[in-house]
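Quick one: this structure, given as structure tokens, is what I'll be asking you about.
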Amino acid sequence: MKQQHRNPILLAMAAAAALAVLAGCASPNNRAPVEDRRSPPGKPQPAAPAPAPAAAAGAVITETAPVKPPPGIENAGKPGYYTVKGGDTLIRIALDNGQPWRDVGRWNGLDNPNLIEVGQVLRVVPPNVDPTQATVRPVASAGRVENRALDGKPTAAAAAAGAPAPRESDESLDWLWPANGPVATPFDDVKSKGLAIAGKVGDPVYAAADGRVVYAGAGLRGYGNLVIVKHNATYLTAYAHNQTLLVKEEQAVRRGQKIAEMGASDADRVQLHFEIRRQGKPIDPAKLLPAR
């Protein structure tokens, strides 16, 4: 058999053609067929579902809790109740309503008298009292008290214990000047709300009438070391800026009894700031105190 001689040029051209066919099959323009799942012409295509809104990164979605109303709000505006305002304290509220602060706390079930909130409504009259009626229950007289100095001589307050009988408008209280000094600042129902009585550090301060101490401390801004005495259901008195307090809360005091020593606590000068409050409202003490 005769051996066939192949032309090497023809062999090279055949190999190149085969490589070109294989490269065409691998080209991106020759992909596998894709099934067409679109609806036939004229048939509506179903809408794709809307994507859910994405929450902000780190956000926790919770239900908003209802705002709790202030305690006692159902009594707002009723006689005998007070709505707490910004800056109020229980001592201030009690003073402005002519009541002992401890009683106000008890009537309202306050475990901590320092925790009151704006908008809270507090009862400021005793539970058994009709707030629309003014009731006066004078404190029974405890008898004449005579203060004596170390030399045994009566003090000026003791000498004044025989002051004239109270006027009809005094409602049975026998008033006494709480200090011996001159009046430095008269009553002003907007600014001072009482009398400023001048004196020296350590001068005696006397109870202006029989009563019971309902506050003794320095918890009321602007008053310094303060004593508040309740005389009956209508009247109480306040003695401010003292250097030393000589009585305690719930202590019974008598007209002319020394209850403090004059000073300048929370004041720019030595003085006794003296107030008389009728059902919580400041009135001019000079209209009730005996003439000098």
Side-chain angles (χ1 to χ4, degrees), residues 70-140 170-173 175 178 189 193-194 207-240 245 247-255 259-260 273-285 288:
I73 192 67
E74 67 278 5
N75 295 314
K78 294 181 181 179
Y81 290 87
Y82 175 82
T83 301
V84 178
K85 301 178 179 61
D88 278 344
T89 64
L90 192 62
I91 298 171
R92 168 70 72 179
I93 293 170
L95 177 63
D96 289 344
N97 287 277
Q99 303 292 352
W101 71 273
R102 291 186 185 276
D103 288 353
V104 175
R106 186 174 66 254
W107 299 337
N108 293 278
L110 299 178
D111 296 330
N112 186 343
N114 296 317
L115 296 180
I116 57 176
E117 59 183 278
V118 174
Q120 182 174 357
V121 180
L122 300 175
R123 185 179 185 94
V124 290
V125 296
N128 59 344
V129 170
D130 182 354
T132 63
Q133 302 294 324
T135 305
V136 180
R137 294 192 300 271
V139 177
D170 292 347
E171 301 179 46
S172 302
L173 283 178
W175 295 102
D189 59 0
K193 299 183 179 181
D210 296 342
R212 176 173 60 94
V213 177
V214 295
Y215 182 74
L220 192 58
R221 179 179 295 181
Y223 283 78
N225 294 324
L226 171 69
V227 175
I228 300 176
V229 177
K230 188 169 180 64
H231 304 286
N232 55 32
T234 299
Y235 287 105
L236 57 75
T237 49
Y239 312 75
L245 304 182
V247 291
K248 298 179 180 180
E249 290 183 18
E250 303 302 321
Q251 179 178 337
V253 294
R254 299 179 176 181
R255 177 180 183 272
I259 60 174
H273 174 77
F274 176 66
E275 295 182 10
I276 295 180
R277 296 206 175 205
R278 187 181 191 280
Q279 296 179 338
K281 181 181 180 181
I283 61 175
D284 187 355
L288 299 180

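Remember, it's a predicted structure, so these values are computed and weren't measured experimentally.
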side-chain contact (heavy atoms from CB on, under 4.5 Å) assessment of Phe274 paired with Thr237: CA-CA 7 Å; Phe274 176 66; Thr237 49; 3.8 Å; yes
For the student: nearest non-hydrogen atoms of Lys78 and Glu74, plus distance: CE-O, 3.5 Å
Those residues that, when tested against Asp189, pass side chain to side chain donor-acceptor pair (under 3.5 Å) (two or more places apart):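 If we apply the side chain to side chain donor-acceptor pair (under 3.5 Å) test to Asp189, skipping adjacent residues, there are no hits.
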Whether Asn97 side chain and Gln99 backbone form a donor-acceptor pair below 3.5 Å: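 Such a contact is absent between Asn97 side chain and Gln99 backbone.
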Atom of Leu90, atom of Pro113 and distance for their closest heavy-atom approach: CD2-CB, 3.5 Å
Flag, side chain of Asp210 to backbone of Arg254, donor-acceptor distance under 3.5 Å: no
Candidates Ile259, Leu245, Asn225 - the one meeting side chain to side chain contact (heavy atoms under 4.5 Å, CB included) with Tyr239: Ile259
Distance in Å, Ile276 CD1 paired with Arg278 CZ, rounded so as to fall on 0.5 Å steps: 12.0 Å
Side-chain heavy-atom pair Leu95, Leu220 within 4.5 angstrom cut-off: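 Result yes, sub-4.5 Å side-chain heavy-atom pair found.
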Interatomic spacing from CG in Leu110 to CD in Gln120 - rounded to 0.5 Å: 6.0 Å
Interatomic distance, Glu250 atom CD to Arg212 atom CZ [nearest 0.5 angstrom]: 4.5 Å
Qualifying residues under side-chain contact (heavy atoms from CB on, under 4.5 Å), relative to Asp284, sequence neighbours excluded: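 If we apply the side-chain contact (heavy atoms from CB on, under 4.5 Å) test to Asp284, skipping adjacent residues, the hits are Phe187, Leu195, Ala286, Lys287.
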Salt bridge (Lys or Arg N to Asp or Glu O under 4.0 Å) contacts touching residues 104-125 (sequence neighbours left out): Asp103-Arg106
Side chains of Val253 and Val247 in contact at under 4.5 Å (non-hydrogen atoms):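 They are in contact (side-chain heavy atoms under 4.5 Å apart), so the answer is yes.
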Chi angles and distances behind the side-chain contact (heavy atoms from CB on, under 4.5 Å) call for Ile116, Ile93: CA-CA 11 Å; Ile116 57 176; Ile93 293 170; 4.0 Å; yes
Which residues share a side chain to side chain donor-acceptor pair (under 3.5 Å) with Asp88, sequence neighbours left out: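 Only Tyr82 meet the side chain to side chain donor-acceptor pair (under 3.5 Å) criterion with Asp88.
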Any Thr83 side-chain heavy atom under 4.5 Å of Val118 side chain: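 No; the side chains remain at least 4.5 Å from each other.
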Pairing residues for Arg102 by the salt bridge (charged side-chain N to carboxylate O under 4.0 Å, His left out) criterion, not counting sequence neighbours: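 With neighbours one apart ignored, the set is Glu249.
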Heavy-atom neighbours of Lys281 NZ exceed 12 at 6.0 Å: no
Closest contact, heavy atoms only, Pro100 versus Ala94: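 Looking at all heavy atoms of both residues, the shortest contact is C-CB, 4.0 Å.
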Inter-residue atom distance Trp101.CH2 - Ile91.CD1, 0.5 Å rounding: 6.0 Å
Taking every non-hydrogen atom, the tightest pair across Ala238 and Leu226: CB-CD1, 4.1 Å
Proximity of Tyr235 and Trp175 rings by center, below 6.0 Å: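 Yes, close enough.
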Distance (rounded to the nearest 0.5 Å) between Leu236 CG and Tyr215 OH: 14.0 Å
Between CG on residue Leu122 and CG on residue Asn108, distance to nearest 0.5 Å: 4.5 Å
Residue list, side chain to side chain donor-acceptor pair (under 3.5 Å) with Glu275, at least two apart or on another chain: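 Applying side chain to side chain donor-acceptor pair (under 3.5 Å) to Glu275 gives Tyr223, His273, Arg277.
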